[in-house]
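Below is one structure, written out as structure tokens, with a few remarks after it.
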2 protein chains.
Amino acid sequence: MEISERKKKILAAVIEAYIATAEPVGSKYIAESGGLDLSSATIRNEMAELTAMGYLDQPHTSAGRVPSPKAYRLYVNELMERQRLSIEETEAINRSLCLKMQQLDKLMSDVGKLASSLTQYPAVALAAPIAATISRFDLIYVDVNTIIAVAMLSNNTVHNKLLNLPFSVDQGLVQRLASVFNTNFTDISEDKITPSMISSAECACGDTMGLTSVIAAFAIDTLRKAKEGAAVVAGASHLLRQPEFRDPDKAHEILSYLSDSEHLLGLPDVGEDDDIQVLIGPENVAKELKDSSVVIARYNAGDNMRGIIGVVGPTRMDYSGVAAKLRYIASWLSRLLGMPEAPRGFEKLQIKEMTIDEHQEDKN
Amino acid sequence: MEISERKKKILAAVIEAYIATAEPVGSKYIAESGGLDLSSATIRNEMAELTAMGYLDQPHTSAGRVPSPKAYRLYVNELMERQRLSIEETEAINRSLCLKMQQLDKLMSDVGKLASSLTQYPAVALAAPIAATISRFDLIYVDVNTIIAVAMLSNNTVHNKLLNLPFSVDQGLVQRLASVFNTNFTDISEDKITPSMISSAECACGDTMGLTSVIAAFAIDTLRKAKEGAAVVAGASHLLRQPEFRDPDKAHEILSYLSDSEHLLGLPDVGEDDDIQVLIGPENVAKELKDSSVVIARYNAGDNMRGIIGVVGPTRMDYSGVAAKLRYIASWLSRLLGMPEAPRGFEKLQIKEMTIDEHQEDKN
DNA sequence: TACTGGCACTCTCGCCTTCTGAGTGCTAAT
DNA sequence: ATTAGCACTCAGAAGGCGAGAGTGCCAGTA
């Protein structure tokens, strides 16, 4: 059956009322809240039809109506207005983001916190690096039994490790090793590094003490780490303020689900960059989330990595507001991480300018 | 008034029963649970006196008794048996710890998770580095506008940063800069680096493009980061399973308190290494924790840093079990982090051996 | 004197009943 | 097509009741 314009208006009104109050909404409430000039009886009839069509549920005979997941879906697809952030909100975001350019997981955690405090829902932030290879090796000779191994990766990050050796090495060996690793161990992925490669490298530079395998272990470790994504949950406790999670068992179920980063890394990875994806109730694959909704924004950090930042809440969620905030944060992240990292003597200032620019662009 | 031996026994029985059941315990229950051969009436009289002395509380006239914080304090000080971990438990811990030697905050997070899953309470792990200075600079020339800055710190960690320069540099300059920084910027703390130092370094090596200040910014940043502690909360959701936190408002209060790392870093920093500290209810300074208890173990990672790992729960907490587990983890951490880091081709094996050693030592 | 059995008393908790009111569906009137 | 009106339903609050757990105290016993 077709859904008339008027029905849509009523449905939107019901959804918005329910989002605001978390209580079943009755026909009288809608009639009186203005917007539509109809009597409660008319609205009642329409609501009865909407119920028949599966857009509204009735907790019991004499209660008001509650939107079904199907209704929310229609709402986010068609009905909901794309909300603009107010200047104040934008500036609040800018203010909290402007001093952050740092290690990846610290950044993730800060971004998660920001998203959570803005939306008042638990937020997850994750970053999944795209496969990287080592593009350059350096070995810094510190003293006879200390060297620093430095590996620069194809994604323009640099990893290092301090190696305290239980034996002495001479600078010549270290140099030979560095050049051997630079020729043989660059531009290959972790699983391509075989024991035989290592032992032939060992021969090539006359290493009798096993330093080669130490360096190789470092290389493998580095590549492995680079593949690992970072996942962070922030503001989990916000969930407890939502009426639908006042039941501690429900809350526990979700919170413990979220606290396992395995689960987070499995969050949907499709969709386009800088766009918002909403998963409503049963649309979630994880059964723990079947009663909740997830709003996800994807960002793209150049070729290095991609990530998502999302928010978890009840199906009765302020989709419009959350989407606007996440969209803004995600586009901000795309810029920050996507652009080649320029050296900064005065980091704060530079980033500040950038975000102001963006804000103005957005307006045009 | 003196507290007799028998009272202590009864008190311990009450506390243990309450820890196990979370319900007010009555005289009859104690009488029947064996251990003491006394009638319920006698126990009743003793309990009445314990109540008068402030060790027990009565929710209402006809309910059983509940231990007061004072009782718990006596319990942890005198009554509680120092629990040994079973072989199975030790091995479970070893198993989950043996594959971890990695970046600090990742390690913290893993340790927190471990503590939390062992104790079934939320756990906090924090590490506070002791002030460090840079002990060695290296600049790796990658190409005309890319260099990698590497700084080795006095605490034997190494930091690096990839610098993409908006101008071209020649290798000579880079070398000169490295040596200038090595002589002037090592072994000093962050606040000792002044703009005039930077400009004189700039002159010294004939830098006309501002590369010096970029490197200096890196140095400052590195020192600043090295000072920062890492704080992590894990398993927060476990709290919701405790009957005393089934009230979502209470749970929310504590969880949001814990999720702010500012608060965590303020956790008590006194006490001796490898020993356990217990803060019961009102002994906590933070008012959010006045109804909860915190068990803290301190570990010492050589000269580099010290940290604590703790567990938060209701005052009715399995102090003995938690203490035993934390003590074990802390001593493990002290060893892992305290010893100079040896290079490891076969990391897992080495660590595995170490923990087995410890376990055996502990037994003797 | 120290312990115990017994007993009356208190108070929470769970259960049942009743009552209220919000909200509905339907019908008849506009 | 819309609306006013009305009977109906049902969840949840309010009140009353009884059961049971636990206490305090007293008198009796070893």
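The chains referred to below are lettered A, B, ... by the order of the sequence lines, with proteins before strands, and numbering in each begins at 1.
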Can a salt bridge be assigned to the pair [X] and [Y] using a cut-off of 4.0 Å between side-chain N and carboxylate O?
| X | Y | result |
| --- | --- | --- |
| A/Glu253 | A/Lys250 | no |
| A/Lys290 | A/Glu283 | no |
| B/Asp249 | A/Arg246 | yes |

**Asked** Which residue pairs pass the side-chain hydrogen bond (donor to acceptor under 3.5 Å, both in side chains) test when at least one of the two sits in residues 20-48 of chain B, sequence neighbours left out?
**Response** B/Arg6-B/Glu46, B/Lys7-B/Glu46, B/Ser27-B/Arg44, B/Ser39-B/Thr42, B/Ser40-B/Arg44
Over all strands shown, is [X] touching base, sugar-phosphate only, or nothing at heavy-atom distances under 4.0 angstrom?
| X | answer |
| --- | --- |
| A/Ser27 | sugar-phosphate |
| A/Thr42 | base |
| B/Ala41 | base |

**Message:** Quick check against the 3.5 Å criterion: does B/Ser259 have a side-chain atom that pairs as donor or acceptor with the backbone of A/Gly235?
**Reply:** no
**Item:** A/Thr51 backbone acceptor or donor facing A/Asp57 side chain under 3.5 Å
**Value:** no
**Request:** Could you check B/His60 against B/Ser39 and say which one's nearest nucleotide on DNA chain C is further toward the 5' end?
**Result:**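 With B/His60 and B/Ser39 compared, the 5'-side residue is B/Ser39.
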**Complete:** Judged by nearest nucleotide, the residue sitting upstream toward the 5' end of DNA chain C, B/Glu46 or B/Thr61, is B/Glu46
**Message:** With a strict under 4.0 Å distance from non-hydrogen atoms of chain B, what nucleotide opens and what nucleotide closes the contacted stretch of DNA chain C, reading 5' to 3'?
**Reply:**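 Answer, 5' to 3': C/dC3 to C/dT12.
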**Request:** Looking only at non-hydrogen atoms, find the nearest pair between A/Tyr257 and A/Ala286 and report the distance.
**Result:**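 Heavy atoms only, the tightest pair is OH-CB, 2.9 Å.
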**Request:** Scan residues 315-325 of chain A for pairs that pass salt bridge (Lys or Arg N to Asp or Glu O under 4.0 Å), counting only residues two or more places apart or in two chains.
**Result:**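 Every salt bridge (Lys or Arg N to Asp or Glu O under 4.0 Å) pair that includes a residue of residues 315-325 of chain A, provided the two are not neighbours, is A/Glu89-A/Lys325, A/Glu244-A/Arg316.
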**Request:** Verify the distance criterion only: is there a donor paired with an acceptor across the side chains of A/Ser320 and A/Arg82 at less than 3.5 Å?
**Result:**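 Distance-only check fails for A/Ser320 and A/Arg82.
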**Message:** For B/Ser62 and B/Asn45, find the nucleotide of DNA chain D closest to each by heavy atoms; which residue's nucleotide sits nearer the 5' end?
**Reply:**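 Counting from the 5' end, the first nearest nucleotide belongs to B/Ser62.
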**Prompt:** Quick check: are there more than 12 heavy atoms from other residues, nucleotides or ligands sitting under 6.0 Å from NZ of A/Lys9?
**Reply:**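 No, NZ of A/Lys9 has 12 or fewer neighbouring heavy atoms, counting only those of other groups under 6.0 Å.
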**Asked** Hey, can you pull the residues of residues 9-22 of chain A with a non-hydrogen atom under 4.0 angstrom from DNA chain C?
**Response** none
**Prompt:** Hey, where on DNA chain D does chain B first and last touch, going 5' to 3'? Cut-off is any atom under 4.0 Å from a heavy atom.
**Reply:** D/dA21 to D/dC25
**Prompt:** A/Tyr75: what forms a side chain to side chain donor-acceptor pair (under 3.5 Å) with it, not counting sequence neighbours?
**Reply:**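 Scan of A/Tyr75 (side chain to side chain donor-acceptor pair (under 3.5 Å), adjacent residues dropped) gives A/Glu16.
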